[in-house]
Student: 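Quick one: structure below, then a few questions.
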Amino acid sequence: MIDHVGFAVSDYARSKAFYERALAPLGLTVLLEPKGQAAGFGRDGKPIFWLETHGQVAHGIHVAFKAADRATVDAFHAAALAAGGTDNGPPGVRAIYHPNYYGAYVLDPDGNNIEAVYHKPV
């Protein structure tokens with residue numbers, strides 16, 4: 001189990017705005033924003049995903065978020081594209097992983113691959 005994931009971004013305001021919209025369907029919101037230089041997204045009082053202005057932006061990062069159902073995966077994909085993301089794999093079954101793996105992939109403004117995934121059968 002992952003406690004939290006974080007990475008640096010090239011444009012903090014742009015990335016924060018992107019993730020606020022893209023993660024809303026998953027129920028994740030900004031819970032902490034220390035000094036306006038980092039944003040901790042999560043729910044139930046626990047930040048699990050962080051953006052920050054420090055460090056070198058590392059492309060090729062992949063983060064998968066659990067979704068409540070397939071409709072939420074679809075909503076995440078639509079919201080992320082509407083927020084300015086780039087499609088990196090539309091919602092669908094990825095049987096290469098297992099028969100019930102339903103995911104969608106979007107590249108954020110810095111080219112990081114973000115995903116929403118649901119693992120249970122329909």
Student: Output the distance between atom CG (L107) and atom OG1 (T86), rounded to the nearest 0.5 Å.
Tutor: 5.5 Å
Student: Using modelled atom types and a 3.5 Å cut-off, is there a donor and acceptor pairing between side-chain atoms of R70 and backbone atoms of Y102?
Tutor: no
Student: Please set out all donor-acceptor pairs under 3.5 angstrom arising from side-chain atoms of residues 40-47, sequence neighbours excluded.
Tutor:
| residue | atom | partner | partner atom | Å |
| --- | --- | --- | --- | --- |
| R43 | NH1 | L26 | O | 2.3 |
| K46 | NZ | D3 | OD1 | 2.9 |
| K46 | NZ | D3 | OD2 | 3.2 |

Student: For residues F18 and I114, determine if any side-chain heavy atom of one lies less than 4.5 Å from a side-chain heavy atom of the other.
Tutor: yes
Student: Please test L32 against W50 for side-chain contact (heavy atoms from CB on, under 4.5 Å), starting from the C-alpha separation and ending with a verdict.
Tutor: CA-CA 9 Å; L32 296 173; W50 289 86; 3.9 Å; yes
Student: Please step through side-chain contact (heavy atoms from CB on, under 4.5 Å) for the pair H119 and Y97, ending with a clear verdict.
Tutor: CA-CA 10 Å; H119 294 280; Y97 303 119; over 6 Å; no
Student: Check this for me: does any side-chain nitrogen of one of D110 and R14 sit under 4.0 Å from a carboxylate oxygen of the other?
Tutor: yes
Student: Starting from F7, can I reach L31 by hopping between I/L/V/M/F/W/Y residues whose side chains sit under 4.5 Å apart?
Tutor: no
Student: May I ask whether I61 and Y105 are part of the same hydrophobic cluster, defined by side-chain heavy atoms of I, L, V, M, F, W, Y residues being less than 4.5 angstrom apart, directly or through others?
Tutor: no
Student: Show, in sequence, the C-alpha distance, side-chain angles and deciding distance for F49 and L28, and conclude whether the side-chain contact (heavy atoms from CB on, under 4.5 Å) test is met.
Tutor: CA-CA 9 Å; F49 176 69; L28 300 173; 5.7 Å; no
Student: Closest approach of P25 and T72, non-hydrogen atoms and distance?
Tutor: O-CG2, 3.4 Å
Student: Looking at every non-hydrogen atom in both residues, tell me the closest pair between A116 and F76 and how far apart they are.
Tutor: CB-CD2, 3.3 Å
Student: Can a donor-acceptor pair be found, under 3.5 Å and without considering hydrogens, that links the side chain of R21 to the backbone of A82?
Tutor: yes
Student: So, using side-chain hydrogen bond (donor to acceptor under 3.5 Å, both in side chains) as the criterion, who are the partners of D11 when residues are at least two apart?
Tutor: none
Student: Taking side-chain hydrogen bond (donor to acceptor under 3.5 Å, both in side chains) as the test, write out the residues that go with Y12, two or more places apart.
Tutor: E33
Student: Which atoms form the tightest heavy-atom contact between H62 and A64, and what is the distance?
Tutor: NE2-CB, 4.0 Å
Student: State, to 0.1 Å, how close H77 and V106 come at their nearest heavy-atom pair, and which atoms those are.
Tutor: CD2-CG2, 3.6 Å
Student: Could you pull out the closest heavy-atom pair between V73 and G103, with the gap in Å?
Tutor: CG1-C, 3.8 Å
Student: For a quick check under 3.5 Å, do Y118 and D74 share a side-chain donor-acceptor pair by atom type?
Tutor: no
Student: Spell out, yes or no, whether V30 and L23 are grouped together once hydrophobic residues are joined by side-chain heavy atoms under 4.5 Å, including indirect joins.
Tutor: yes
